[in-house]
Asker: 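Once you've had a glance at the structure underneath, I'll fire off some questions.
The figures here come from the full heavy-atom set of this structure, side chains too, leaving out hydrogens, waters and symmetry mates. FYI, the numbering just counts along the sequence from 1. As the structure is a prediction and not an experimental result, all values here were calculated from the model.
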Amino acid sequence: MSTSHEVFWSIGELAERAGVTVKSIRFYSDRGLLPEASRSSGGHRRYAPEALERLRLIRSLRALDLPLPEVRRVLEDEDAAGRVLEDAVASRLRELGSELKTLRWREAALRLVRECPPAERADRLRLLGAVSTPPSMAPLARFWRAWLPPRMPAPATAAFLEVAVPQPPDEPDPTQVLAFARLHAMTTAPCPDGRQPQPEVHRVAGARGVAALYTGLAEAYEIAGPQLRRARKPYPGEALDAYVAAYASAYAGRDTQEFRRLLAARLATGPRLDRYWELTAVVLTPPGGPPEPTPGSADDWLREALERDNAEAA
């Protein structure tokens, strides 16, 4: 019960002390976030001094762009207020990160259109218009899922997609935006015969054999990566041994010089995805930096090392 010495403020007095509008206080009160202490004889809202601190807390939470339901959770659950606030802030940070990435991609796309020759603008607008913002990697993943053998184990497929599908940069350069748009166009274009050409090893090794093959190739690419970054010419060594061993396992063979000769011939006639890996390198490489190795560039390096090894053995 109120006593005569208690101080209550009118909605206007509270607004003046808090530096907000009467409309804002009425908004929060009507939604139960800022309870009024009493009503005057004329029916006007009256607030106790502690309402000022609660109002300041509400404004601070709203300044973080937290939605009203999250503000209510922080205000009403005093015991878990710290955890609730931490969860709400973390969620909002994730949302802002996505929004910032979207804005950066839009900015880079606009710069790309502004800086290109007028004759190329229609084509670039068409490419950019087909890509979501921020860009989705789902079309690229679908492309590779169609390329891999059916019934390939899910963990092996996920591991393959992790290295085959480039992660779009958060702060892209216009050239990276264009490269990703071209990747999107390439991977969503229909194949002439309805299905992408498959390497011979997919048929020979089967789904589980191919899973083991790509695990071995990933190891070989990782070993070759430092050599590519140092721009070293291809040479026989540990990386090539791992590369040949992966194929020997898939073909149920042994790593002999004859096998290496046959492997080089098989690889020379297989389908190539050079354009995909060229564009992937652009997407992954920071502007002005040396090209980032990709599975495609590592595979090219290892094929050349295989050719050199065969030539030296001849």
Asker: Could you state the interatomic distance from CZ (F180) to CG (L279), rounded to the nearest 0.5 Å?
Answerer: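 One gets 11.0 Å once the value is rounded to the nearest 0.5 Å.
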Asker: Measure the shortest side-chain to side-chain distance between R45 and S10 over non-hydrogen atoms and say whether it is less than 4.5 angstrom.
Answerer: no
Asker: According to a 4.5 Å side-chain heavy-atom criterion applied to Ile, Leu, Val, Met, Phe, Trp and Tyr, with indirect links allowed, do W9 and F27 form part of one hydrophobic cluster?
Answerer: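 Yes, because W9 and F27 connect within a single hydrophobic cluster, where side-chain heavy atoms sit under 4.5 Å apart.
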Asker: Would you call R126 and D123 a salt bridge, taking side-chain N to carboxylate O under 4.0 Å as the test?
Answerer: yes
Asker: Output the distance between atom CG (L161) and atom CZ (R142), rounded to the nearest 0.5 Å.
Answerer: 12.0 Å
Asker: Over all heavy atoms of both residues, which pair between N310 and A264 is shortest? Give the atoms and the distance, please.
Answerer: ND2-CB, 3.6 Å
Asker: Verify side chain to side chain contact (heavy atoms under 4.5 Å, CB included) between E13 and F8, making sure each step is shown before the conclusion.
Answerer: CA-CA 9 Å; E13 290 171 328; F8 295 102; over 6 Å; no
Asker: When you measure from the side chain of W301 to the backbone N and O of R232, does any donor-acceptor pair fall under 3.5 Å?
Answerer: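 Yes.
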Asker: Evaluate whether atom CD of E222 has more than 12 neighbouring non-hydrogen atoms of other residues, nucleotides or ligands under 6.0 angstrom away.
Answerer: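 No.
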Asker: Side chains of E95 and S91: does their closest heavy-atom pair fall under 4.5 Å?
Answerer: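 The answer is yes, as the side chains (C-beta and beyond) meet within the 4.5 Å cut-off.
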Asker: Just by distance, do the side chain of R124 and the backbone of V113 share a donor-acceptor pair under 3.5 Å?
Answerer: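 It does not hold such a pair.
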Asker: Check I58 against L33 and note the closest heavy-atom contact, atom names and distance.
Answerer: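 So the minimum-distance heavy-atom pair works out to CD1-O, 3.6 Å.
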Asker: May I ask you to test the Q257-D309 pair for a side-chain heavy-atom distance under 4.5 Å?
Answerer: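 Result yes, sub-4.5 Å side-chain heavy-atom pair found.
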Asker: Got a second to check how far E115's CD is from L110's CG, nearest 0.5 Å?
Answerer: 10.5 Å
Asker: Just to verify, what does V22 make a side-chain contact (heavy atoms from CB on, under 4.5 Å) with, not counting sequence neighbours?
Answerer: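 For V22 the side-chain contact (heavy atoms from CB on, under 4.5 Å) partners, ignoring immediate neighbours, are I11, A15, R26.
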Asker: Would a hydrophobic clustering, with Ile, Leu, Val, Met, Phe, Trp and Tyr connected at side-chain separations under 4.5 Å, put M152 with Y251?
Answerer: yes
Asker: Take atom CZ in R208; do more than 12 heavy atoms of anything else shown fall under 6.0 Å from it?
Answerer: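 It does not: R208 CZ has 12 such atoms or fewer within range.
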Asker: Tell me, with the steps shown, if R83 and E86 meet salt bridge (charged side-chain N to carboxylate O under 4.0 Å, His left out).
Answerer: CA-CA 5 Å; R83 175 183 52 78; E86 184 177 339; over 6 Å; no
Asker: So if you build clusters from Ile, Leu, Val, Met, Phe, Trp, Tyr with side-chain heavy-atom gaps below 4.5 Å, do L228 and L273 land together?
Answerer: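 As far as the 4.5 Å side-chain criterion goes, L273 and L228 are connected within one cluster.
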Asker: Identify the heavy atoms of P287 and D173 that sit nearest to each other, and give their distance.
Answerer: CG-CB, 3.3 Å
Asker: So do the side chains of R62 and L68 get within less than 4.5 Å of each other, counting heavy atoms only?
Answerer: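 R62 reaches L68 side chain to side chain.
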Asker: Among the clusters formed by ILVMFWY side chains lying less than 4.5 Å apart, do I223 and L240 turn up in the same one?
Answerer: no
Asker: Are L178 and L125 linked, directly or through other ILVMFWY residues, by side chains that come within less than 4.5 angstrom of each other?
Answerer: yes
Asker: From Y243 OH over to D255 CG, what is the distance, rounded to the nearest 0.5 angstrom?
Answerer: 12.5 Å
Asker: Between S29 and L34, what is the shortest heavy-atom contact and its length?
Answerer: OG-O, 3.1 Å
Asker: Which distance, rounded to the nearest 0.5 Å, do you find between the CZ of R106 and the CG of L128?
Answerer: 12.5 Å
Asker: Can you see which heavy atom on L213 is nearest to which on A246, and at what distance?
Answerer: CD1-O, 3.5 Å
Asker: Please name the residue in the list L64, L61, V74 that meets the side-chain contact (heavy atoms from CB on, under 4.5 Å) test with V89.
Answerer: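 Exactly one pass, corresponding to L64.
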Asker: In the structure I gave you, are the side-chain heavy atoms of V283 and P169 within less than 4.5 Å of one another anywhere?
Answerer: yes
Asker: Let me confirm one number: the CG-CG distance from L267 to D300, rounded to the nearest 0.5 Å.
Answerer: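 L267 atom CG to D300 atom CG measures 11.0 Å (nearest 0.5 Å).
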Asker: Is any side-chain heavy atom of R229 closer than 4.5 Å to a side-chain heavy atom of P290?
Answerer: no
Asker: Does the pair R275/E278 count as a salt bridge with the N-to-O cut at 4.0 Å?
Answerer: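 Yes.
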Asker: Which pair of heavy atoms, one from T285 and one from E292, lies closest together, and at what distance?
Answerer: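 Shortest heavy-atom contact: OG1-N, 2.9 Å.
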Asker: Does a side-chain heavy-atom distance below 4.5 Å link Y221 with V163?
Answerer: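 No, every pair of side-chain atoms sits at 4.5 Å or beyond.
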Asker: Tell me whether R308 is salt-bridged to E312, with the criterion being a basic N under 4.0 Å from an acidic carboxylate O.
Answerer: yes
Asker: Would you indicate whether E238, at its atom CD, is surrounded by more than 12 heavy atoms from other residues, nucleotides or ligands within a distance under 6.0 Å?
Answerer: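 Count not over threshold, so no.
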Asker: For the residue pair R54 and Y28, would you count it as a cation-pi contact if the rule is NZ or CZ under 6.0 angstrom from the ring centre and within 45 degrees of the ring axis?
Answerer: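 The answer is no; the distance or angle limit is not met.
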Asker: Taking NZ, NE, NH1 and NH2 as the nitrogens, is one of them in R104 or E107 under 4.0 Å from a carboxylate oxygen of the other?
Answerer: no
Asker: Are W147 and Y276 close enough, and set up right, to give a ring-ring contact (aromatic ring centres under 6.0 Å, His included), and what steps lead you there?
Answerer: CA-CA 13 Å; W147 186 81; Y276 181 94; 9.8 Å; no
Asker: Could you walk me through whether F160 and V210 pass the side chain to side chain contact (heavy atoms under 4.5 Å, CB included) test, one step at a time?
Answerer: CA-CA 11 Å; F160 178 89; V210 171; over 6 Å; no
